[in-house]
Every structure is written in C-alpha cells, then in structure tokens.
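Before any comments, here is the structure.
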Amino acid sequence: MAEDKILSGDEVLKKYDKESNTMEYGGVMAKFVAALAISFSVFQLYTAIFGVLDAQLQRAIHLGFGLSLSFLLYPTKKSWRRDKLHPVDGVLAILGAAAPAYIVINYYQLVLRSGLPTTTDIIIGIIGIALVIEAARRVVGIPMVCVVLFFIAYAFLGQHMPGALAHRGLTADQFVSHVYYTTEGIFGIPLGVSSTFIFLFILFGAYLESTGLGKFFIDIANAIAGWASGGPAKVAVLSSGLMGTVSGSSVANVVGTGSLTIPMMKKLGYHKDFAGAVEAAASTGGQLMPPVMGAAAFLMTEFVGVPYIEIVKAAIIPAALYFIGVWLGVHFEAKRNNLKGIPREELPRLFDILRERGHLAIPLIVIVWLLVSGYSPMRAALVAIIASIIVSALKKSTRMKPIEIIKGLENGARNVLGVLVACASAGIIIGVVTKTGVGLKLASALLDLTSGLLLPSMFLTMITAIILGMGVPTTANYVITSTIAAPALLQMGVPILAAHMFVFYFGIIADVTPPVALAAYAGAGISGGNALKTGVNASKLAIAAFIIPYMFVMSPELLLIDGLTTGLIVSLITALIGMVAVSSSLIGYLAAPLRTVERLILFGGGIMLIKPGIMTDVIGVAIFAAILFLQIRSRKA
C-alpha cells in the first residue's frame, strides 16, 4: 500500500475485511436478498425460542441459508458487476440451498442407511463439499481453501505418507459419507455452535450497533481519558476494549472506532504509523474481551466441555492484562514525545453521557447477569436481543424504528456468513482428522520433536497458530490448532482450559503480526501510514499477548480455575510491574528516556517478573527498582 494514501472506512473494510466486500444490489434483487437474510434470522430466532431441531437438521438448514446467501452476496470474480446477479452465482446459490436440503428431505432414510450411501448420496455429498470450499474461497479467502485441500489430499493419499503420518487412505465413499453425512465433518461441532450460540450473539451485536452503542463507548472513553497525556490514543484503547465486549471482528473494530480516534491521534502529534498501530492492537484485543469475545470462544465451550461463563471468567484477567499492556505502551510513547491531551472544555462530561445514553449499556449488563445466573448462552443472547430493542425505545434519541429492527435481522444474517463458512470448512478438516487419526499422530510428533519439554512445545504451537492466523480466520485457526497442537500440551499436564486458551490467543494475535496483519493494514489504511511499520508498532504494543499465554499455562490460577487466591494476587502484582517494565523498554521511556543498555536490562527484568516464581520475582523487582531509581535521578539532573 502506498504511503500517505488515506482510505475511507468503507474502503478499508472492502480491502482488508473480505466479509464486508459484498454485492450492492438494487430493486427486486435487493429485496429478495434482504428477505432471504431476514428469513434466516427468523428461523434462528424461532428455534432459539421453541427448541432447536435434531442436530443434523438444524445445521443443514443453517448451512443452506448460509451457502445461498454467500453465493448471492460474494461474486465468483471481483471484476464482475456488483449491482447485477451473474447466472453462475444464481445457479450456485440454488445448489447451495439444495445440497443441504437433500439431507433435510431424506433425513430418516439417510439415518436408516447410515454408512451405506447410495450413488445419489455420494454425488450430492461431493457437490455439497465443493460448494463449501468455493464459499470459503469467496468469503474467507484462498489460505483457508489451501488448508482444507491439503487435508483432503492427506485423506486420499495417506498410504503414500512417510512414517507415523501414513494411513490406509480413504475411498471417495468413505470420505463423503463421513464428511457430509455425519456430525463428525461439515455438520460437526463448529457448525453446530454457529447454528445456535454464535448466530444469536452476532445478531445481538448487530442490534447493539443499531442503538448507537459504538458512539456511546467512544464518548465514554473521551470523557474518562481524553484529557490525559496522549489522550486520543488512550481513548482508542478504552473505546476499542469496550467495543470488544460486543464485536468479534478485529478489522471491523478498527474501522468502527479508528475512523474517529486515528485522526484525533494524528492531530495531537502521534506519528501516523503509531496511530494506526494503537487502534489495531486495541481492536484486536476486542476478541479477547468478555462477555462476547470472538466466535471461537463459543467453540471452546464445546471442545473443553465447560459452561460458557467459565470461558468468560477465564478470559477476564488475561484480557485486562492485555489492555493494560497496550495502555502502558501509548502512555510511555506520549510521555516520550511530550504529547498532551485534549482540553477538558472540548470533551463531553461523563455524567451527561450516562444520563442521556447510559441505558444503552443495560443489555450488556443483562447478558452478563444471565450467564452468571446459569442461563444457557442461547437463552441469554435471546433475552439480550429483546432487551436491546426495548431499552433503545426508552429515549427518542436512541429509539429504533420498525424498519431498523427488521434491518437488524438482515445485518445479523449477513454478519454471520464469515463465521458460518469458516465453521463449515473447519468441519472438513475435523472430519479428516477424526477419520485418519492424524491429530494424535501430530501431537506425538510434536512431543518427539521437543523431547517432551513444555516451553519448546508451546513455542512451536505459538508459531503454528500465528502462521495459520495470517490467512485463516480465528474460528478455523482455533479449530485446527485445538485439534492438532492442544493435545500435545494436554499430554504434558497442561490443564485443558489453559491449553485451549493458549492456541486461542495466538490465533487472534496473528491479526497484528507482520507480514500479514490485517488489523494493522486496516489501521494504516485509515491513518495513511506504512502497513509494515504499522504492523511492527502494533506488535510492540501487543507484546502482552505474546507473553500472557505463557503466563497462564505456567500459572493456571490466572484463569481463575481455583477462584481468587493469595498466590493469584501476588502473581498479578508482579505481572503488572513486569508489564510496565516490558512496555517501557520497548518504547524507550520510563520516567525519562532509556538508553539501549537500560532497555535491554529492563526487558529482562520484566520477563522475570512476568514468569511465576519467587526467585525470578525478587530479581525482577530489584532490576526494575534500580532502573527506576536511575531514571528519576536522571530526570532531576
């Protein structure tokens, strides 16, 4: 991307968020697509209220709606007209609805002849699998398709694989029957979670956006932190953290809050590469922020086998540490460059904001209360959706019109397509893994490669998750790494929740890790900065995300597995001091500018404080205190 080229929010979304680059129909076609999307949402709401259908039926209808909408909204070629449906896309949309409908219509016959598919079954199955892969190419991207095709090739060529990776190889009948006609493949757990929890939470997020919650969060952040040193950057961190409670997309979060905060940061004096990086790092952390988090968190409930509220509890401390780390980075950068905040008279007053629009936060409080009270995520999301509509009507300025309520149903269906297609594609991978047993083989290979040592295994798992995350969405990334890499960590005695959170974190942080850092590219698009430099700065600000997963694997109490303990409080205090040391060393400022030697020593001390252990904590505190003393004396001089 050329430096200094500033893009609009819509341009950034279309360029870096594949899910936002859709057709722009008019007339009858626009109404048809809207009606189909609304019908999709109505079906999901109906089953949430009156009970879901049998697993395969629920998932097949969900996939049918999703594939049909994907082919209608995402053209075969980017060069095709965006206002007119191409016949090829029309045919694929019909097939996308028909292939899953075959399962719905012939459900009982398919159950009776389970494992003995007919020729028609095989043909329909091949069409269905091909349609899922093509939808992934359009909605998710080529890297996802490459990963899926690699696993399919492995399924058929297993007898030619070397050593422990070899297997007998699958026939076409075995592959199609397992991947398309059981709940071990496309219609497995990922699509099951998408057809229940994820859809409703995304619909909830769509309604909250309609109420103007995003602007409310930005105003709140301005009132709280806009006046402080480096105010707009701290506003970006705070508002992105708040938006992260309801938004699971890094790029969409960058555009939503960055369109306002990045120009403010540049005006204050932040370099454009740093301004875009602040927003990218903060927005990426949104997927780590409870209660909604990223879509992969809902998959974790099924894979780990714990209630969703346990995932939320486990995410609280790591998410807080992450945002504290980003906050510290922008604070030290502001101090280093003597960047002041916004004059208080130019900022909104917190009391006025809460009085006028504080009611918009009630649905968030409702959903947290319901989850804590033991309600299922589906029921909690359903009640929260209703609450968001009712609450918005309390004041005229936030009240949604009937057409906006209907539009929310359409937006919810559109917003879920990326997750839906990623889940269906990930199902193909899971089908191959379960049918060939390659998951345990790869876990054993990882253990052999690292001689059973925990730190090297964690490092290789981190690299795998980050590389996958460069082209594969978080949902699919988590499915792959939790299936292949997490078992190796489990065999080393790592608690199951800590192992899954580890791969979840690194799948997310890939959004700011160069060379393919989509959130950083989006931030650079808005700021007009250099994409690579923005990515490097974002990685420095997000350094906490590279450290925290190692912390909670070695100290699982950080995930509140055993509740709040004295050991946890001590670990938190030392970790926070360590975060200050690491952030200041990377920026080059603590109480005064840091020399290179001081930065290196301080970084080492920070890592010692973050690593659990009495000896490392004592050494880390001594190093931090010594550097701070020298800094204060230097500043006075």
Side-chain angles (χ1 to χ4, degrees), residues 56 59-60 63 66-67 70-71 76 92 95-96 99-100 102-103 115 117 119-192 194 299 418-443 445 464 467-473 475-485:
Q56 208 158 0
R59 297 167 192 181
L63 181 64
L67 288 179
S70 295
F71 291 122
T76 303
L92 289 175
L95 289 174
Y102 180 81
I103 292 176
T119 302
T120 305
D121 294 344
I122 296 300
I123 292 171
I124 296 297
I126 291 172
I127 292 171
I129 293 168
L131 289 170
V132 168
I133 295 172
E134 170 59 11
R137 182 188 71 83
R138 297 171 182 227
V139 182
V140 182
I142 293 293
M144 183 71 202
V145 175
C146 292
V147 174
V148 172
L149 292 178
F150 172 82
F151 275 88
I152 292 175
Y154 176 77
F156 288 107
L157 303 175
Q159 64 272 33
H160 303 297
M161 290 292 168
L165 294 177
H167 64 92
R168 288 183 299 175
L170 304 182
T171 64
D173 286 10
Q174 288 173 327
F175 177 78
V176 174
S177 179
H178 186 75
V179 168
Y180 197 74
Y181 291 107
T182 72
T183 53
E184 298 285 333
I186 287 174
F187 301 103
I189 288 175
L191 197 66
S194 173
L299 293 175
V419 174
L420 185 158
V421 172
C423 286
S425 305
I428 298 175
I429 296 168
I430 289 180
V432 172
V433 169
T434 56
K435 192 68 174 175
T436 62
V438 69
L440 290 175
K441 293 176 182 178
L442 287 173
T464 303
I467 290 173
L468 278 171
M470 289 179 183
V472 176
T475 309
N477 186 339
Y478 168 70
V479 170
I480 297 167
T481 50
S482 64
T483 305
I484 294 171

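Along the sequence shown, the residues carry numbers beginning at 1.
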If you define the side chain from C-beta out and look only at heavy atoms, does anything of Leu63 sit under 4.5 Å from Ile103?
no
Close side-chain approach of Ser70 and Val421, heavy atoms under 4.5 Å
yes
Side chain to side chain donor-acceptor pair (under 3.5 Å): which pairs involve residues 155-166, sequence neighbours left out?
none
Under 3.5 Å, side chain of Arg59 to main-chain N/O of Ile186, donor-acceptor pair present?
no
Distance col, row Phe151:CZ vs Thr436:OG1, nearest 0.5 angstrom, shows 8.5 Å
Does a side-chain heavy-atom distance below 4.5 Å link Thr76 with Phe71?
no
Rounded to the nearest 0.5 angstrom, the OG1-CD1 distance for Thr171 and Ile122 is 8.0 Å
Is the closest side-chain heavy-atom distance between Val438 and Met161 below 4.5 Å?
no
With rounding to the nearest 0.5 Å, note down the distance linking CD1 in Ile429 to CE in Met144.
4.0 Å
With Glu184, which residues qualify under salt bridge (charged side-chain N to carboxylate O under 4.0 Å, His left out), at least two apart?
none
Can you tell me how far CD1 of Ile152 sits from CG of Leu170, rounded to the nearest 0.5 angstrom?
11.0 Å
Nearest atoms (heavy-atom pairs only) where Phe175 meets Ala155:
CD1-CB, 4.1 Å
I need the Thr183 OG1 to Leu191 CG distance, nearest 0.5 Å.
11.0 Å
Pairwise distance CG(Leu95) to OH(Tyr102) - rounded to 0.5 angstrom
14.5 Å
Determine yes or no for a side-chain-to-main-chain donor-acceptor pair under 3.5 angstrom, with Ser194 supplying the side chain and Pro190 the backbone.
no
Enumerate the side chain to side chain donor-acceptor pair (under 3.5 Å) contacts for residues 124-133, please, sequence neighbours excluded, ordered by first and then second residue.
none
Tightest non-hydrogen contact, residues Pro117 and Asp121, listed as CA-OD2, 3.6 Å
Check Pro100 against Leu67 and note the closest heavy-atom contact, atom names and distance.
CG-CD1, 4.3 Å
Heavy-atom side-chain proximity of Val179 to Ile129 below 4.5 angstrom
yes
Look at the side chain of His167 and the backbone N and O of Tyr154, then say whether any donor-acceptor pair between them is shorter than 3.5 Å.
yes
Aromatic ring centroids of Tyr180 and Phe187 under 6.0 Å?
yes
